[in-house]
Amino acid sequence: IGYLPDRYDMIAYNKDGTKSAIFSSGVEGNALKSLKFEIVETGCGKADFVFSRLPTNAELSVDQRIDIHLYNDPRPWWSGYILNCPSQGSTAKEYKYTAHGYYNKLDAVVIFADFQGREVSNMVSDIARQAELKAGLNYSSNLLINTNYIASRIQFDGVTAKDALKQLSDFAIDYVYGVDEYRRLFFRRLFFRPRNREVNEQARFWVGDHQGSFEPVDDAEKIYNVLPIKGAAVDGNGEQWLATVEDAESQLRYGIREKVLTLPSAYSAADAERWGKNQLLSMSKPALSAKVGEIQLPYP
């Protein structure tokens with residue numbers, strides 16, 4: 001691929017997969033003034049497109065698929081669909097379109113399922129096939145790996161696919177999910193694969209060399225280290241308590257901090273305990289974050 005540092009292409013597609021419009025930095029009279037998009041843990045996130053003149057409805061319309069390519073790369077860097085767009089007849093000087101990655105469509109897929117004695121990734125596979133039919137996603141079974149945890153019973157009674165997948169990812173400790181730039185429900189390094197915690201030395205940034213600012217923050221506001229968990233099963237006393245998980249080290253350092261959690265899809269104490277321990281991984285310690293700026297990269 002010939003790397004072109006200032007090249008970008010925004011391609012709009014019809015329902016049948018044919019291209020309806022191309023807005024490119026390499027095209028004379030290009031109306032696309034700016035574009036911004038997010039790549040987050042769940043894949044392709046929000047996007048904004050600003051035009052200096054209003055495209056026609058034949059070029060861009062609501063729910064239309066958009067792919068973004070950078071640096072002359074034939075592979076998409078982001079893929080999503082238009083959420084809203086300005087109407088014809090507008091007198092605005094700039095015309096802003098908003099879009100989102102296909103992960104957002106999982107909110108409009110409702111799941112009814114009762115899984116008993118099923119491995120987590122096997123349940124995910126069933127949900128993925130439903131999302132493929134209803135939301136236009138691409139299911140790739142080879143991108144889903146076994147989590148080595150068999151749940152006793154998990155029932156989803158009219159929950160969104162996004163919520164169902166979130167709960168299942170919490171059972172498979174240290175796994176995440178989302179939709180990638182090819183609209184696939186499972187993708188390479190994340191999405192129901194263990195997170196890669198190794199540092200890529202070619203991607204290490206040094207303050208004063210590659211970046212001008214670095215502002216780390218520890219946030220202890222939402223620390224919880226005792227988690228009583230309610231589930232779907234009701235005992236003889238009419239209670240729904242399934243399990244309680246604790247982090248003794250966190251209690252010694254920050255004191256006892258309790259929070260009741262609800263896992264409405266779980267029926268067994270073992271499943272609730274597995275899920276709760278995963279919640280403790282992030283809730284029993286301060287949240288660490290950092291803001292960086294003035295990035296200077298010596299290579300594309």
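Bear in mind the structure is a predicted one, so any value in this text is a computation, not a measurement.
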Single hit among I154, I229, L242 for side-chain contact (heavy atoms from CB on, under 4.5 Å) with W275: I229
Y8: which of N72, L32, I68 passes side-chain contact (heavy atoms from CB on, under 4.5 Å): L32
Linking I/L/V/M/F/W/Y whenever their side-chain heavy atoms sit closer than 4.5 Å, directly or via other members, would [X] and [Y] fall into one cluster?
{"X": "L137", "Y": "M123", "value": "yes"}
{"X": "L83", "Y": "V179", "value": "yes"}
{"X": "V245", "Y": "Y149", "value": "yes"}
{"X": "I295", "Y": "F214", "value": "yes"}

Note, [X] side chain near [Y] side chain (heavy atom, < 4.5 Å):
{"X": "T160", "Y": "K166", "answer": "no"}
{"X": "E246", "Y": "S284", "answer": "no"}
{"X": "I223", "Y": "P286", "answer": "yes"}
{"X": "Y13", "Y": "I11", "answer": "yes"}
{"X": "D114", "Y": "R153", "answer": "yes"}
{"X": "S79", "Y": "I66", "answer": "no"}
{"X": "R183", "Y": "Y102", "answer": "yes"}
{"X": "P76", "Y": "Y182", "answer": "yes"}

Give the minimum heavy-atom separation between [X] and [Y], together with the two atoms involved.
{"X": "A243", "Y": "A269", "value": "CB-O, 3.9 Å"}
{"X": "I127", "Y": "A161", "value": "CG2-CB, 4.2 Å"}
{"X": "Y224", "Y": "L227", "value": "CB-CD2, 3.9 Å"}
{"X": "L60", "Y": "P55", "value": "CD1-CG, 3.8 Å"}
{"X": "F49", "Y": "A99", "value": "CE1-CB, 3.8 Å"}
{"X": "W241", "Y": "P228", "value": "CZ3-CB, 3.7 Å"}

About how many Å separate [atom2] of [Y] and [atom1] of [X], when rounded to the nearest 0.5 Å?
{"X": "S125", "Y": "E119", "atom1": "OG", "atom2": "CD", "answer": "10.5 Å"}
{"X": "S24", "Y": "H69", "atom1": "OG", "atom2": "NE2", "answer": "10.5 Å"}
{"X": "Q251", "Y": "I256", "atom1": "CD", "atom2": "CD1", "answer": "5.0 Å"}
{"X": "N278", "Y": "Q167", "atom1": "CG", "atom2": "CD", "answer": "12.0 Å"}
{"X": "T42", "Y": "D180", "atom1": "OG1", "atom2": "CG", "answer": "11.5 Å"}
{"X": "S121", "Y": "I150", "atom1": "OG", "atom2": "CD1", "answer": "10.0 Å"}

Between the main-chain N or O of [Y] and the side-chain N or O of [X], is there a donor-acceptor pair closer than 3.5 Å?
{"X": "E273", "Y": "A270", "result": "no"}
{"X": "S152", "Y": "S268", "result": "no"}
{"X": "E38", "Y": "V40", "result": "no"}
{"X": "S52", "Y": "K33", "result": "no"}
{"X": "D9", "Y": "L70", "result": "no"}
{"X": "D16", "Y": "T18", "result": "yes"}
{"X": "Q240", "Y": "G231", "result": "yes"}
{"X": "S25", "Y": "D6", "result": "yes"}

Y81 six-ring face occupied by K105 cation (under 6.0 Å, within 45°): yes
Distance under 6.0 Å and angle within 45° of ring axis: R53 vs Y95: no
Test side chain to side chain contact (heavy atoms under 4.5 Å, CB included) applied to Q155 and F115, step by step: CA-CA 6 Å; Q155 184 178 47; F115 300 110; over 6 Å; no
Intermediate values then yes/no, side chain to side chain contact (heavy atoms under 4.5 Å, CB included), M10 and I22: CA-CA 6 Å; M10 171 180 160; I22 300 177; over 6 Å; no
Residues, nucleotides or ligands: over 12 heavy atoms within 6.0 Å of [X] [atom1]:
{"X": "I39", "atom1": "CD1", "answer": "yes"}
{"X": "K46", "atom1": "NZ", "answer": "no"}
{"X": "K134", "atom1": "NZ", "answer": "yes"}
{"X": "N200", "atom1": "CG", "answer": "yes"}
{"X": "E249", "atom1": "CD", "answer": "no"}

Pair R65-D67, salt bridge (Lys or Arg N to Asp or Glu O under 4.0 Å): steps then yes or no: CA-CA 7 Å; R65 170 189 155 197; D67 283 1; 2.7 Å; yes
Test log, rule ring pair (Phe, Tyr, Trp, His ring centres under 6.0 Å), inputs Y97 and F51: CA-CA 8 Å; Y97 290 70; F51 291 84; 5.3 Å; yes
Candidate pair F37 and W77, rule ring pair (Phe, Tyr, Trp, His ring centres under 6.0 Å), full reasoning: CA-CA 10 Å; F37 64 89; W77 288 49; 7.4 Å; no
Criterion side chain to side chain contact (heavy atoms under 4.5 Å, CB included) on K222 and M283, from CA distance to verdict: CA-CA 7 Å; K222 296 182 179 180; M283 299 176 73; over 6 Å; no
Trace of the side chain to side chain contact (heavy atoms under 4.5 Å, CB included) decision for I82 with T98: CA-CA 6 Å; I82 296 177; T98 60; over 6 Å; no
R118 and D126: CA distance, side-chain angles, deciding distance, salt bridge (Lys or Arg N to Asp or Glu O under 4.0 Å) verdict: CA-CA 11 Å; R118 299 273 292 274; D126 281 5; 2.7 Å; yes
Pair R129 + E132, salt bridge at N-O below 4.0 Å: no
Residues D247, R257; criterion salt bridge (Lys or Arg N to Asp or Glu O under 4.0 Å); working and verdict: CA-CA 10 Å; D247 187 318; R257 306 185 67 170; over 6 Å; no
Residue pair D107, K162: steps toward the salt bridge (Lys or Arg N to Asp or Glu O under 4.0 Å) verdict: CA-CA 6 Å; D107 261 338; K162 185 183 291 187; 3.0 Å; yes
